[in-house]
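Throughout, a chain's letter reflects where its sequence line sits, starting with A, and its residues are numbered from 1.
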Number of protein chains: 2
Amino acid sequence: MAQRGRRTARVSGDERQDAILITAEALIGERAFDDISIEELATGAGISRPTFYFYFSSKDDVLLALLDRVITEVEHRVGDLPRDFASDPVGAWTRSIGMFVEVFVAHRGVATAAIAARARNDEVRALWSKSMQSWVDFSSDVIRSEQARGAAPEGIDAHDLAVSLNLMNERVITAVLNQESPAIAESGALDVLSTIWIRSIYGSVNPGRR
Amino acid sequence: MAQRGRRTARVSGDERQDAILITAEALIGERAFDDISIEELATGAGISRPTFYFYFSSKDDVLLALLDRVITEVEHRVGDLPRDFASDPVGAWTRSIGMFVEVFVAHRGVATAAIAARARNDEVRALWSKSMQSWVDFSSDVIRSEQARGAAPEGIDAHDLAVSLNLMNERVITAVLNQESPAIAESGALDVLSTIWIRSIYGSVNPGRR
DNA sequence: CGGCCTCTCAACACGGTGTTGACTCTCTCG
DNA sequence: CGAGAGAGTCAACACCGTGTTGAGAGGCCG
């Protein structure tokens, strides 16, 4: 939120700022963020390179602004997520994971760029963490309440489980979208992920001995 | 394998090449790969920057050489992994995952650098994939055989499951090692990961209806 | 109108990468 | 043993991308 980008601002020039963001989002969709120069962003927005610095302090700052929007959307959507897990756990989890996938796909470019940038940029890392945290909080709350009502077995820390499963989602979806190898087919992803979530949240299996 | 780095080579100068690799491995442990300049690698190896180019064609080429070693180790260790899953599935899986964790921790710097570099460098991506593929092949083989002997339920594709779980391991361990947030405690990681693997491989749960 | 604040950019400084061309060893073969 | 072919080395250069500086143009407000 608030004051990402521009320094003091008040009247016009907002359009320029937007133009940079729009250019960035467009380019990010077709090319790696690292391969986009500030020159290109500036030209795309109809300004010179030094002028770019009037609006943003760096290329990463642009990414941050883009990420901000995504975070806002994530927090909205997570907040609106239904919590009717008692009546239809499988469906409810699948819908939640489906929403995670949707957000990722919708902001594919920003997500990919942010994941790459978080290794070197603290602010990007913090912001990304914040959005992952929304999902983790949501899932660990639900897991805990499923454990409390006896539907899911205790014996595993709800938070750790939620973190691991959400990180799995992040990684698997990234692999699918980037057509990595090894990866899985996009069509089957939601299914596999849901199954893993369900089994590891509700299952208490002791194969063989132990 | 073979012929990474140096162009034709035959006699001496090998030491120089090693010196670069050693310097790289040392620096990579204390600083992000991106923040290391070729100048530093050269100086560390006692040569000038242009001379560096005699041995490697780029900084990424050095990383590739480092990765090559890791791949070799991974393939060895995966090959040596016991397959006594019938008698003690939980223990066997935990040991396998433990080995994955060990390799990651042992080559922490290279792993982190490779993960960051794979986004921009095709060769790094290919090499990393190769090592992940070793784990995936191993795990999907075992899952398939566990399904065949009736210990694990069918109804989920062994390959997709193996890919997802291995990507989860990669991501969770990275998060732990980099002290990201959200992440989990290093001490509990193996436990949580094993539990998720076991439950999703052997469990067939239908909570509520379906 | 006069001054301030927003906005703009040419020109510069810098740091990193990769290349060139000339030079020095050292080993080998006639 | 003397000539030539590598192997190995590096000063100097060409580039490109980033970020800064300083000087100005235009509008809005008293």
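Side-chain contact of B/Gln133 with B/Asp137: a donor-acceptor pair under 3.5 Å is present, judged by distance alone. In summary, the side chains of A/Trp128 and A/Glu170 do present a donor paired with an acceptor at a separation below 3.5 Å, with no hydrogens or angles considered. Between the side chains of A/Tyr202 and A/Trp197, not a single donor N or O lies within less than 3.5 Å of an accepting N or O. No hydrogens or angles considered: nothing links the side chains of A/Asn169 and A/Trp135 as a donor-acceptor pair under 3.5 Å.
In this structure, B/Phe33 places its CZ atom 13 Å from C1' of C/dT17, rounding to the nearest Å. In this structure, B/Asp60 places its CG atom 8 Å from P of C/dG18, rounding to the nearest Å. Rounded to an integer number of Å, the gap from A/Asp34 CG to C/dG16 P is 17 Å. A/Phe56 has its CZ atom 15 Å from the P atom of D/dT18, to the nearest Å. The OH-P distance, from B/Tyr53 to D/dC15, rounds to 16 Å in whole Å. The CG atom of B/Asp14 sits 12 Å away from the C1' atom of D/dA7 (whole-angstrom rounding). Look at CD on A/Glu40: it is 11 Å from C1' on D/dG17, rounded to the nearest Å. Separating the NZ atom of A/Lys59 from the P atom of D/dG17 is a distance of 10 Å, rounded to the nearest angstrom.
Phosphate proximity of C/dC7 to A/Thr51: absent, as no side-chain N or O sits under 4.0 Å from OP1 or OP2. For D/dC10, one of the phosphate oxygens OP1 or OP2 lies less than 4.0 angstrom from a side-chain nitrogen or oxygen of B/Ser48.
Judged by distance alone, with hydrogens and angles left aside, B/Arg49 brings a side-chain donor or acceptor within reach of the base of C/dG18, the pair sitting under 3.5 Å.
Environment of CD in B/Gln179: sparse, with no more than 12 heavy atoms of neighbouring residues, nucleotides or ligands closer than 6.0 Å.
Of the candidate nucleotides D/dG8, C/dC9, C/dG18, D/dG8 has the atom lying nearest to any side-chain atom of B/Phe54. Among C/dT8, D/dA7, C/dT17, the nucleotide with an atom closest to any side-chain atom of A/Tyr55 is C/dT8.
Across all strands, A/Ser37 comes closer than 4.0 Å only to sugar-phosphate atoms, never to a base (heavy-atom distances).
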